[in-house]
2 protein chains.
Amino acid sequence: MNIADIDTHRLLELKPEVQQQYEEFKSRGLKLDLTRGKPSAEQLDLATELLSLPGEDYTDSAGTDTRNYGGLKGIVDIRSLWAELLGLPVDNVLAGDASSLNIVFDLISWSYTFGNNDSPRPWSQEDKLKWICPVPGYDRHHSITELFGFEMVTVPMTSTGPDMDAVRQLVADPSVKGMWNVPVFSNPTGITYSPETVQALASMETAAPDFRIVWDNAYAVHTLTEDFPVVHNVLDLAEQAGHSNRFWFMSSTSKITLAGAGVAFFASSAENLSWYEKIANVRGIGPNKVNQLAHARYFGSAEGVRAVMRKHAGSLAPKFAAVIRILDQRLGGLGVAQWTRPTGGYFISVDVVEGTASRVVELAKQAGVALTGAGATFPLKRDPKDQNIRLAPSMPTIDQLELAMEGFATCVLLAAIEAAEAQ
Amino acid sequence: MNIADIDTHRLLELKPEVQQQYEEFKSRGLKLDLTRGKPSAEQLDLATELLSLPGEDYTDSAGTDTRNYGGLKGIVDIRSLWAELLGLPVDNVLAGDASSLNIVFDLISWSYTFGNNDSPRPWSQEDKLKWICPVPGYDRHHSITELFGFEMVTVPMTSTGPDMDAVRQLVADPSVKGMWNVPVFSNPTGITYSPETVQALASMETAAPDFRIVWDNAYAVHTLTEDFPVVHNVLDLAEQAGHSNRFWFMSSTSKITLAGAGVAFFASSAENLSWYEKIANVRGIGPNKVNQLAHARYFGSAEGVRAVMRKHAGSLAPKFAAVIRILDQRLGGLGVAQWTRPTGGYFISVDVVEGTASRVVELAKQAGVALTGAGATFPLKRDPKDQNIRLAPSMPTIDQLELAMEGFATCVLLAAIEAAEAQ
C-alpha cells in the first residue's frame with residue numbers, strides 16, 4: 001500500500017466526511033482494548049467446571065498421587081490425550097506448567113548457556129548469533145531472541161508460510177541457530193503453512209548442526225469454522241529427513257481453558273526431551289500435576305477438546321466476521337488497506353498505507369481505542385514500512401468491537417488522507 | 001565419630017546379636033523409603049478442600065479475573081496473606097507458580113547470563129565463580145550451583161547456623177558470588193539460625209558487589225511443637241546495614257498444601273524484584289493466578305496457615321519422636337552416632353562412624369530400606385568424612401517408620417562393628 005499507487009483524488013474528496021466521523025468517534029469517550037489475544041469472559045466461562053476440579057479424586061490413571069512431588073514429564077492422562085489430539089507419540093510429549101512460552105524461553109536460555117544436545121559449544125560462545133523471524137510475527141517471540149542478543153533476520157510470510165527460498169538461503173549461514181514459527185493460524189496473519197512448506201522446513205539442510213525450529217502450535221485446534229486444520233507430525237517428517245532433533249513443538253491449553261492457568265506441552269525427539277529434562281530436573285522437581293489431572297478430567301478425551309473448541313468458535317467467529325464486514329464496507333475498493341480473512345486463531349492482520357500505521361494507532365488512542373503498537377509484529381518493534389497493525393477481536397463484546405472497528409476504519413482513512421496531502 | 005575414639009571392645013561384643021538382628025531385618029522383605037522430604041498422604045489430605053477451589057468465584061479482591069493472562073507479580077490476596085505470615089511488606093513479595101526452586105534456578109541462571117542488578121558483568125564472564133555451601137545442606141541447592149560451574153566452598157553448620165568466621169573469610173574473595181541458606185529448621189540438620197547469625201549475614205561486608213544470599217525459608221512455619229519460629233525480616237536488616245539487595249528470600253506452600261501444586265514466593269528488595277520481573281516478563285506472561293486464589297481462599301488468613309501447620313505437626317511430631325526414641329534406645333551411649341533433635345522441618349541428620357555412611361546406606365538397601373544416598377548432603381555428593389545420613393521420616397506410617405528405624409540402627413551398628421574389625 002504505497003500512497004503513490006492510490007487514487008488520492010477520490011480519497012481527498014472523502015476528507016470532510018472522514019474528519020467529521022473521527023470527531024464523532026472521539027466524542028464517544030470510548031475505552032476499548034484490541035491489543036492482546038486474550039480470551040473473553042464468555043470464553044473463559046466455558047471452563048467453569050475446571051475451577052472445581054480435580055476434586056477429591058486426585059489419583060491419575062497410573063495410580064500416581066498427583067498432589068505430591070515428582071514426575072518431571074507430567075502425568076500420562078493429559079500427555080496421552082494431547083498426543084492423540086496432535087497426532088504425536090505419547091513418549092514424545094511432555095506436559096508442563098501453564099505456559100509454553102516459559103518452556104521456549106528455557107530452551108533458548110539453556111542452549112545459550114550450555115549448548116543444546118547438538119551444539120559444538122554453548123550458543124553464548126559463538127561469535128555471532130542469528131535467528132530467523134517470519135514477519136509479521138509474534139512480539140513475545142521476538143522479545144526472547146532480542147534478550148539473548150540474536151540478530152533477528154526476517155523473511156516475508158506468504159499465504160503458504162514463510163518464503164522458503166529466503167529461509168533456505170539464510171540457514172546456509174552457520175550463525176543462524178533457529179527460527180520462529182506459528183504454523184497454524186499464525187500470529188498475526190492467520191495463515192496456515194502448506195504441507196509443502198512444512199515438508200521443506202523439515203527436510204532443508206542447515207549449516208548449524210544445532211539449528212532448532214520453534215514450532216509454536218499455539219492455535220493448532222483454534223478453528224473458527226467446522227473444520228479443524230491438519231496438524232503435521234513434524235517430528236516424524238524431520239526424522240525421515242535425517243534431522244530428528246530439528247523441532248521444538250510447543251502447544252498449550254491457554255486459549256482452550258484458562259489463559260493464565262492451563263497446561264503447556266513440549267513435544268520433541270527423545271534426545272531433545274532428554275537434554276531438556278536433564279536441566280529441568282535441576283531447575284525443579286516437576287510441573288503442577290493436579291492442574292494436569294483437572295484438565296484431563298475436564299476434557300475427557302481428544303474429542304472433548306474439539307467440542308470445547310467448537311464452542312470457542314461460536315463465540316469468536318461472529319467477532320471476526322464483524323471485523324471483516326466493517327473493513328470491507330468502509331475500506332473496500334479504496335486501496336488504503338489490505339487485511340487477512342483467517343479461518344482460525346486470534347488475530348486479523350491489516351496492512352495500511354505505508355508510513356501511516358503509527359499514525360493510525362495514535363489516532364485510535366486519542367479516541368480511546370487501544371491497538372497493538374505499530375511495529376509490534378516486527379523484531380525490535382520496528383516495522384520498516386510502518387504499515388502493519390494487528391487486530392485482536394476476542395476480548396470486546398460484538399457491540400464494542402463494531403464501535404471500535406468503525407473508529408479504526410475512520411483512523412485508517414484519515415491517516416491515508418494526511419499522507420495523500422503530505423505527498 | 002572416629003572409630004579410634006570408640007570403645008570397640010564393647011561394640012565387638014555386640015556383634016553376634018547385631019548380625020542376627022540384621023538377618024531378621026533382611027528377612028522381612030521390607031520396601032520402605034526414607035529418601036525424600038515428601039509429605040505423607042495423611043498430610044496431603046489436610047488440603048482436600050483445595051482440590052475443588054477456587055470454584056465459580058474466580059475474581060480476586062482487586063477485581064482481577066484470575067482466569068485470564070497477566071499479573072507478573074501474582075494476585076494481591078495471596079501476596080498480602082503471605083507477607084503478613086512472614087512479616088514482610090507486601091510490595092516486596094511476589095507470588096509465582098508452584099516451585100520456589102524454579103525461581104532460585106532462574107535467579108542464578110539469569111545472573112550467570114546477564115548479570116544481576118549489581119553485577120559489573122555477567123557471572124559467566126568472571127574468571128572464577130565460587131558459592132558458599134553450609135554443610136550438611138540441601139542436595140538440590142548444590143545441584144544448581146554445580147550445573148553453573150561454581151566451585152562450592154563449604155562452611156560447617158553449628159547449632160546457631162553456619163560458622164560465621166569461616167563465612168566472613170570467604171566473602172572477602174570477590175569470586176564468591178553467593179551462599180545457600182535454609183535459615184529455619186535447616187535441611188538436613190533442623191537447626192534454626194540464631195538472631196546473631198542472621199544479623200551477621202545481613203551486615204557483613206562482601207568483596208563481590210553482586211553477592212546474593214539465597215534465603216530459602218522452606219520451613220519457616222513448619223514447627224513440630226506449639227511454637228512457631230521467629231521469621232526475621234532480613235530485607236529490613238540488610239537495608240539498615242547498607243546491603244539492601246543482599247537477600248533472595250524464598251518460600252512456598254509446597255509442604256503446607258500440595259507438594260507439587262502449591263504457590264511459591266520470592267521476596268526481595270524493590271530493585272531485585274524489578275530486575276527479576278524485567279526478565280520474567282520476557283519468559284512469560286505471569287503465574288497461575290487461579291491456583292493462587294484457591295490458596296488464598298483455602299487459608300483465609302495468616303492464622304489459617306498456622307492452623308494448617310498445627311495439623312501437620314500433629315502428623316509429623318510423633319514420627320520424629322519415634323525416630324529419636326529408637327536412635328536413643330538402640331544407639332545411645334555407644335558412641336557410634338550423633339543425631340539432631342529438631343523441633344521443626346522435615347529431616348533428622350545423623351552422623352555415623354566416619355567412613356561408614358555409605359556402608360550403612362548399602363546395608364539398609366539390601367534389607368529393602370531406601371535411605372538418602374551417603375554424601376547427598378554435600379556438594380558433588382561427596383561427604384569427605386563419609387559420615388552424614390539424612391533421614392526423612394514424613395512419608396512412611398509410624399509402624400513402617402519404626403520397622404525401618406530399628407533396621408537403620410542395626411545397620412549403623414553393623415557398619416561400626418565392621419569398621420572396628422578392620423581397624
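Below, chain A is the first sequence line, B the second, and so on; all start at residue 1.
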* Most chain B-contacting option - heavy-atom pairs closer than 4.5 Å, from A:Leu293, A:Ile103, A:Leu50, A:Leu147 -> A:Leu147

* Under a 4.5 Å heavy-atom cut-off, does chain A meet the side chain of B:Asp65, its backbone, both or neither? -> side chain

* Which atoms of A:Asn291 come close to chain B, meaning under 4.5 Å heavy atom to heavy atom: side chain ones, backbone ones, both, or neither? -> side chain

* Measure B:Thr48 against the heavy atoms of chain A and call it side chain, backbone, both or neither at under 4.5 Å. => side chain

* Asked: Between B:Gly262, B:Gly284, B:Ala294, which residue shows the highest count of heavy-atom pairs closer than 4.5 Å to chain A?
  -> B:Gly284

* Asked: Does A:Tyr112 have its ring centroid less than 6.0 Å away from the ring centroid of A:Phe150?
  -> no

* Within the 6.0 Å centroid threshold, strictly below: B:Tyr276 and B:Phe266 -> yes

* Heavy-atom contact with chain B under 4.5 Å, split by part of A:Ser109 -> side chain

* Structure fact -> If you tally heavy-atom pairs under 4.5 Å between each of A:Ala280, A:Ala98, A:Ser254 and chain B, the highest tally belongs to A:Ser254

* Asked: At a heavy-atom separation under 4.5 Å, does A:Asn281 approach chain B through its side chain, its backbone, both, or neither?
  -> both

* Structure fact -> In terms of heavy-atom pairs under 4.5 Å with chain A, the winner among B:Val290, B:Val282, B:Leu258, B:Leu101 is B:Val282

* **Largest heavy-atom contact set with chain A, pairs under 4.5 Å, which of B:Asp57, B:Asp106, B:Thr66, B:Asp97** => B:Asp106

* Asked: So, B:Gln292 side chain and B:Ala95 main chain: donor-acceptor pair closer than 3.5 Å or not?
  -> yes

* Asked: Which heavy atom in A:Ala62 sits nearest to a heavy atom in A:Val76, and how many Å separate them?
  -> CB-CG1, 4.3 Å

* Structure fact -> One option among A:Ser124, A:Pro54, A:Ser99, A:Gly71 has the most heavy-atom pairs under 4.5 Å with chain B, and it is A:Pro54

* Output yes when a side-chain donor or acceptor of B:His312 lies under 3.5 Å from a complementary backbone atom of B:Ile256, and no otherwise. => yes

* Centroid separation B:Tyr138 to B:Tyr346 less than 6.0 Å -> no

* Applying side-chain contact (heavy atoms from CB on, under 4.5 Å) between B:Asn116 and each of B:Asp210, B:Ile279, B:Leu107, report the one that passes. => B:Asp210

* **Among the listed options B:Phe114, B:Trp110, B:Phe148, B:Tyr69, the residue most often paired with chain A at heavy-atom distances under 4.5 Å** => B:Tyr69

* To do: Please state whether the side chain, the backbone, both or neither of B:Ala41 comes within less than 4.5 Å of a heavy atom of chain A.
  => both

* To do: Quick one: which of A:Glu146, A:Glu49, A:Arg283 has the most heavy-atom pairs under 4.5 Å with chain B, could you say?
  => A:Arg283

* Main-chain N/O of B:Trp123 paired with B:Glu126 side-chain donor or acceptor, under 3.5 Å -> no

* Asked: With a 6.0 Å cut-off on ring centres, are B:Trp248 and B:Trp215 close enough?
  -> no

* Side chain from CB out, backbone as N, CA, C, O: work out which of these in B:Leu53 comes under 4.5 Å of a heavy atom of chain A, or both, or neither. => backbone

* **Under-4.0 Å salt bridge between B:Arg67 and A:Asp45** => yes

